[in-house]
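For reference, the structure discussed in these notes is given below.
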Amino acid sequence: MTTTSTKANGSGNSSMPIQERDRVTVRFAGDSGDGMQLAGNRFADATAIFGNDFSTLPDFPAEIRAPAGSLAGVSSFQISFSKHQIFTPGDEPDTLVAMNPAALKSHLSALTKGGLLVINEDAFTSGNLKKANYPSNPLSDGSLEGYRIIKAPITTAAVAAVDDLGLSNQNAERTKNFFALGLVYWLYDRDLQPTLDWIEERFGRLPNIAEANRRALFAGHSYGETTEIADAHVRVPPAVLTPGEYRTITGNQAMVLGLITAAHLSDLELFYGSYPITPASDILVELAALREFGVRTFQAEDEISAVGTAIGAAYGGGLGVTGTSGPGIALKSEAINLAVMTELPLIVLDVQRSGPSTGMPTKTEQTDLLQVMYGRNGESPLCVLAAKSPGDCFYMVLEAVRLAYQFVTPVVLLSDTYLANTAEPWPVPDITQLDPIDVPYRRLEHVNPEDFEPYKRDPDTLARMFIPPGLPNLQHRIGGLEKSDITGDVAYSPENHQRMTDLRAAKIAGIANFIPELEVDGPESGDLLVLSWGSTYGAVFTAVNDAREAGHEVAHAHLQYLNPFPRNLGDVVSRYKKVLIPEANTGQLRMLVRANFLVDAKGYNEVTGQPLSARLLAEAIGQLAAE
Amino acid sequence: MVLQTPHAPEPVESIIPLASEDLTRKDYASDVDTRWCPGCGDYSILAQMQRGLSNLNVAPEKMVFVSGIGCSSRFPYYMNTYGVHSIHGRAPTIASGLKLARPDLMVFVITGDGDALSIGGNHLLHVLRRNMDVKIFLFNNRIYGLTKGQYSPTSELGKVTKSSPIGTTERPLNPLSVALASEATFVARTFDTDPQHLTATIEQAARHHGAAFVEILQNCNIFNDRAFADYTDRDVRNERLLYLEHGQPMLFGENEDKGLAVSATGLRVVDTDGPDAGLILSHDATRPAPDVHQLLARCQYPEMPVPMGVIRRVNAPTYGDYIDSQIEVAKFKSRNDVAQLLKGRSTWQVE
């Protein structure tokens, strides 16, 4: 919805009136070395402080520095901001900032029809055009007709602005992202102050660089004031959010905070064993800087050692956690199975990425569900959870730790590249309002040795009597060989193996009695249920609402517990004529739902490395609802 | 932040509480029936482990034995301590995590030549490089026993086994060379049929602060009988083994009539009554550079005497010492609490 406001722009000389809009999506695109992620993050901060709801989508190549100007080296950052609550970073951007021809080539097709292009014309040299496979210059050959274009000499103007600071050419040119940022700040009426504060904090010790970035930012802003493009100056009013204290958070940051908080709530010492892997590495990196919380991070020699050390820490009574992505899960499978057999409270974070094999390391996918469910030898049940938003990663870590200790079992928590890197405003939790996490082994400290058997089980949870080493007269041995029921001695009898197989399955299945039932948004029964899990929550929620606005009656339910399922799931899916399961895979949850409940669930599946498109999904929902 | 060097290593007793009463070998023996083949060298190692540890007087509940897969890895079941019989090659990882989480426990790794040097080779390098405070005992029988007789990474070139019916085509690893190349701070060798030496070596390894690596030559009488008999048999032992003692000249022979001296190309044997007797080296296990230690590790029968005992023992902070010291410093310097951490770099208020 667009309404022309009569409010004059008070900040400059432009004669253009300011527009007011509900929601805007901007994408910054440039070379990996152009600082697009930095510019995008600054814009997100300014947007947060302004009071919009927002969601971001960083998208960068796996190569750290692909050749400058090449298509392979394009890095982008999208942010959508709104006066309403939003749940996705937007499908098509309204505005595309293209710092060079390769960025334009890679991202133009995403730009909405009639959208605004902000182009660094300095970068459209014959060499750069060639690198981007442009046979002719799109700025002059008419191919950009239908878009509104701001052609700005971003590089030369930034260099001119910092001319007398005595910077090297290279450093002077590097300020061009701040020029572009200043220009976009003007376009969207953002306050410069948060970014000026950030520059001071970040570059305060390098006064020349700080000053150069400030000047480039102001120069870009002033450039905007002189622009003659119609309807370019836009304001999105602040959103009405639940009152409280907010911060921005990404999924990986929320994982880190969740782990520290879980250690605090359980009074356990956190051990995090990990091997660097995109997109999970940031969790290791951020935890390593938190020694003051007693965190022991361990950068292992490989994925197997990462999980092995976490199992060792868990066995010792610590909070043993390992984090990785799909290829790492494959390597850890045998050790995770040891934790299944020894029934230890191990936490495994899987930040999924595109596969198979190395796949696309920086792109998102939901393709590890079946791997974590079944990718181990033998009958090997464990608990699987999935976060639905960046901030939800925090709460799902707490849940994973709670269940791991209550049931003495490995728990896998699924996130993905999209959640890991996406930022959103997040109400800061009040630590005093969070429930403590119970650690049952503490109650066994004074157990009578006569009453202790390592595989004796709690009748309610079937959790075994797990105690860490160190207590006198309770010495016992555990391991990967099949265990005798109750005593935990090595056992090969057919009856015992059947019984233990059943017990391990029953323990995990029984978790369903200790987790919330699935809630349905929309009609309790009827024609169409859309069932989703993991990071697609935002896109599916948005698409379902769009379909409802288009007149369709649609219910939506979202799973955060994948194993076991909430105990009412079978009942829920049986109450609708049609069930649609959208996933960023070829139908993994659909396979589980069909197999478990014999319902003819349909799939909506995209495996592109990008988050699901809410617009396309809404169309698919509409089609299915109309059938 | 500049790495702070933690305090000097301290003796076992300062970290791990001692038992209140005198312990004996029996206190360390579990009631689980042993299931090794009759005549296996593992029986002797088990008995001497129990004896050697009882000399430390550390309570059995403060000890954890972690093993991988293979004949040797059944070991934890027979110790009246805590134990984990884990997965093939990965015992060093589980032991590392356990020791970091629980500095108050003594952590042992029991492994074999296939477990430690083949499937788990990578972990062995790194647990030693990091100087994790775990004691690693590698039972080397130069064969895969539990899978019934395939060659191992320490089997000699050309060895005929079930999986090499006309002889192996690969050269073996020398476990001591691997340990020294990994900068291990304690490296020793002993063997199953000399109980006294075995006990003493186990005890010294257990008392070491840091990663201890002990190769135990162990006879598999079923699949690789008499693998070491050429130099460990009682009647040839004194002639063909070199019993190392720190600070003592490196002498061997029935009447200690031979010794080791440095030559232009390595070590050489000289007679104690010959002209070069004055060049015989004294063994210095604490020498920081592992050069002579590597030369000793490479001494092989029949050209040279086979060294037994502690080849290397140097003091260095462990991985745990470093990380605990970082935590201590960080806690001292920081006023950060969880509530503050949750707020991050900046927050804003929505009214």
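- The part of B:R130 that comes within reach of chain A is its side chain, from C-beta onward, which places non-hydrogen atoms under 4.5 angstrom from that chain.
- Proximity to chain B (any heavy atom under 4.5 Å) is shown, for A:P194, by neither the backbone nor the side chain.
- For the side-chain contact (heavy atoms from CB on, under 4.5 Å) with A:V295, the qualifying choice from A:V321, A:L319, A:I260 is A:I260, the only one to do so.
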Apply the test side-chain hydrogen bond (donor to acceptor under 3.5 Å, both in side chains) to residues B:Y82 and A:H476: give CA-CA distance (whole Å), side-chain angles for both, the deciding distance (0.1 Å), then the verdict.
CA-CA 5 Å; B:Y82 288 88; A:H476 63 282; 5.1 Å; no
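- Looking at A:T242, only its backbone comes within 4.5 Å of chain B, counting heavy atoms on both sides.
- Both the backbone and the side chain of A:A335 come within contact range of chain B, each with at least one heavy atom under 4.5 Å from a heavy atom of that chain.
- Only the side chain of A:F271 has a heavy atom closer than 4.5 Å to any heavy atom of chain B.
- Interface remark: B:V338 contributes backbone and side-chain atoms alike to the contact with chain A (heavy atom separation under 4.5 Å).
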Kindly indicate, with the supporting measurements, whether the criterion side-chain hydrogen bond (donor to acceptor under 3.5 Å, both in side chains) is fulfilled by B:H208 and B:D133.
CA-CA 8 Å; B:H208 178 67; B:D133 192 13; over 6 Å; no
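- Contact of B:M63 with chain A is not made at all, since no heavy-atom distance falls under 4.5 Å.
- Only the backbone of B:E351 comes within contact range of chain A, judged by heavy atoms closer than 4.5 Å.
- Stacking of B:R74 on the aromatic ring of B:W36 is not recorded, the 6.0 Å distance cut-off and the 45° axial limit not both being met.
- We find the CD-CD1 distance between B:Q50 and B:I202 to be 10.0 Å, quoted to the nearest 0.5 Å.
- We find that A:R296 and B:D324 are joined by a salt bridge, their nearest charged nitrogen and carboxylate oxygen being less than 4.0 Å apart.
- Most heavy-atom pairs under 4.5 Å with chain B: of the set A:G470, A:P429, A:G316, A:G320, this distinction falls to A:G470.
- With a 4.5 Å cut-off on non-hydrogen atoms, B:S86 touches chain A through its backbone and its side chain both.
- For the pair A:R464 and A:Y455, the cation-pi criterion (under 6.0 Å, within 45° of the ring axis) is fulfilled.
- Among A:G273, A:A254, A:G318, A:A313, the residue with the largest count of heavy-atom pairs under 4.5 Å with chain B is A:A313.
- Between A:D489 and A:K483, no side-chain nitrogen of the basic residue sits less than 4.0 Å from a carboxylate oxygen of the acidic one, so the salt-bridge criterion is not met.
- Using a 4.5 Å cut-off between heavy atoms, A:A310 makes no contact with chain B at all.
- For B:L105, the part lying near chain A is the side chain, with the backbone staying farther off; criterion is any non-hydrogen pair under 4.5 Å.
- The most heavy-atom pairs under 4.5 Å with chain A, out of B:S96, B:G120, B:A339, B:P60, come from B:P60.
- With a threshold of 4.5 angstrom between heavy atoms, A:L290 approaches chain B through side-chain atoms but not through N, CA, C or O.
- Because its NZ or CZ atom is both nearer than 6.0 Å to the ring centre of A:F50 and within 45° of the ring axis, A:R190 counts as a cation-pi partner of that residue.
- Proximity to chain A is limited to the side chain of B:V32, based on heavy atoms less than 4.5 angstrom apart.
- Proximity to chain A (any heavy atom under 4.5 Å) is shown, for B:P92, by neither the backbone nor the side chain.
- Taking 4.0 Å as the cut-off between side-chain N and carboxylate O, A:E303 and A:K332 count as a salt-bridged pair.
- Neither the backbone nor the side chain of A:Q253 comes within contact range of chain B; no heavy atom of the residue lies under 4.5 Å from a heavy atom of that chain.
- For B:G68 against B:A91, the heavy-atom pair with the smallest separation is N-CB, 3.8 Å.
- Your options are B:L125, B:T81, B:V64, and the one with the most heavy-atom pairs under 4.5 Å with chain A is B:T81.
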Run the numbers on A:D302 and A:S305 for side-chain hydrogen bond (donor to acceptor under 3.5 Å, both in side chains), then give the verdict.
CA-CA 5 Å; A:D302 59 25; A:S305 170; 4.6 Å; no
Decide ring pair (Phe, Tyr, Trp, His ring centres under 6.0 Å) for B:F137 and B:F75; before the verdict, give the C-alpha distance in whole Å, the side-chain angles of both, and the deciding distance to 0.1 Å.
CA-CA 11 Å; B:F137 296 93; B:F75 199 92; 8.2 Å; no
Could you check A:F298 against B:Y319 for ring pair (Phe, Tyr, Trp, His ring centres under 6.0 Å), going step by step and ending with a plain yes or no?
CA-CA 10 Å; A:F298 179 80; B:Y319 185 100; 5.5 Å; yes
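- Both the backbone and the side chain of A:I478 come within contact range of chain B, judged by heavy atoms closer than 4.5 Å.
- Of the listed residues (B:H126, B:R345, B:H123), the one with the most heavy-atom contacts under 4.5 Å to chain A is B:H123.
- Ranked by heavy-atom pairs shorter than 4.5 Å toward chain B, the options A:I49, A:L481, A:T297 are led by A:L481.
- Among the candidates A:L241, A:I304, A:N337, A:D45, the residue making the largest number of heavy-atom pairs closer than 4.5 Å to chain B is A:I304.
- Contacts between A:P425 and chain B at a heavy-atom distance below 4.5 Å involve backbone atoms as well as side-chain atoms.
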